[in-house]
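Throughout, protein chains are lettered first and strands after them, A, B, ... in sequence-line order, and every chain is numbered starting at 1.
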Amino acid sequence: MAPITEAQVERVRALVASIPPGFVATYGDIAAAADLSSPRIVGWIMRTDSADLPWHRVLGASGRPAPHLATRQLENLRSEGVPVHDGRVALRSIRFDFGALPPPPASTTNLGE
DNA sequence: GTACTGACGAACT
DNA sequence: AAGTTCGCCAGTA
């Protein structure tokens with residue numbers, strides 16, 4: 001099987017889109033939820049196609065976004081009610097739990113796994 | 001095919 | 001606490 005498939009990309013995009021306002025998720029969490037081999041794949045997907053996604057809700061494991069986007073991320077997050085402290089987000093307080101989400105019906109989402 | 005890079009992460013110093 | 005190194009995987013040169 002190919003290193004990565006469109007299904008994986010769509011899965012990641014869906015996960016990011018499922019993050020509710022006021023919450024954030026890490027690349028590692030998304031990678032795990034999407035069953036990816038490495039969090040770098042998530043970063044690759046984000047930089048490739050994140051135009052219609054709430055990419056500002058995606059942070060690194062340190063609770064801090066990438067340096068070149070940090071300013072923009074923190075500003076957007078703060079607008080959503082996310083408590084930002086010194087360019088940092090309290091991950092352990094607002095980290096989104098994908099495991100708490102209800103599983104989608106496989107009948108209509110058979111991605112041929 | 002090898003080397004370098006990069007929206008990452010954990011371990012080590 | 002902060003900086004460095006290694007592992008990870010896809011893309012590009």
Where along residues 81-93 of chain A does a heavy atom fall under 4.0 Å from DNA chain C? none
Could you tell me the separation between the CE atom of A:M46 and the P atom of B:dA7, rounded to a whole number of Å? 12 Å
Hey, are A:D52 and A:R13 close enough for a salt bridge, meaning a charged N less than 4.0 Å from a carboxylate O? yes
Would you say A:S50's side chain and A:L53's backbone share a donor-acceptor pair under 3.5 angstrom? no
Distance check, rounded to the nearest 0.5 Å: A:H56 atom NE2 versus A:I19 atom CD1? 9.0 Å
Length of the line joining A:I41:CD1 and B:dG9:P, which is rounded to integer Å: 13 Å
Side-chain donor or acceptor of A:D97 paired with backbone N/O of A:G99 under 3.5 Å: yes
Considering only atom P, compute the distance from B:dA7 to C:dA2 and round it to an integer number of Å. 22 Å
Go through the N and O atoms of the side chain of A:S50 and the base of B:dA7, and report whether any donor-acceptor pair is under 3.5 Å. yes
Can you check the A:W44 CH2 to B:dT5 C1' distance for me, whole Å? 15 Å
Rounded interatomic separation in angstrom, taking CZ from A:R64 and C1' from B:dG9: 16 Å
Atom pairs and distances, donor-acceptor, side-chain atoms in residues 58-72 of chain A, under 3.5 Å, two or more places apart:
none

Of the listed nucleotides C:dC8, B:dA7, C:dA10, the one nearest the side chain of A:S38: C:dC8
note: A:I4, atom CD1; C:dG11, atom C1'; distance rounded to Å ~ 12 Å
Calculate the interatomic distance between A:I30 atom CD1 and B:dA7 atom P; express it in whole Å. 16 Å
Looking at CZ of A:R11 and CG of A:L36, how far apart are the two atoms once the value is rounded to the nearest 0.5 Å? 9.5 Å
Gap separating the CZ atom of A:F96 from the CG atom of A:L15, nearest 0.5 angstrom: 8.5 Å
Please report, rounded to the nearest Å, how far the C1' atom of B:dA7 is from the NE2 atom of A:H56. 14 Å
Of the listed nucleotides (B:dA7, C:dC9, B:dG9), which one gets closest to any side-chain atom of A:H68? B:dA7
Between P of B:dG9 and CG of A:L36, the distance in whole Å: 13 Å
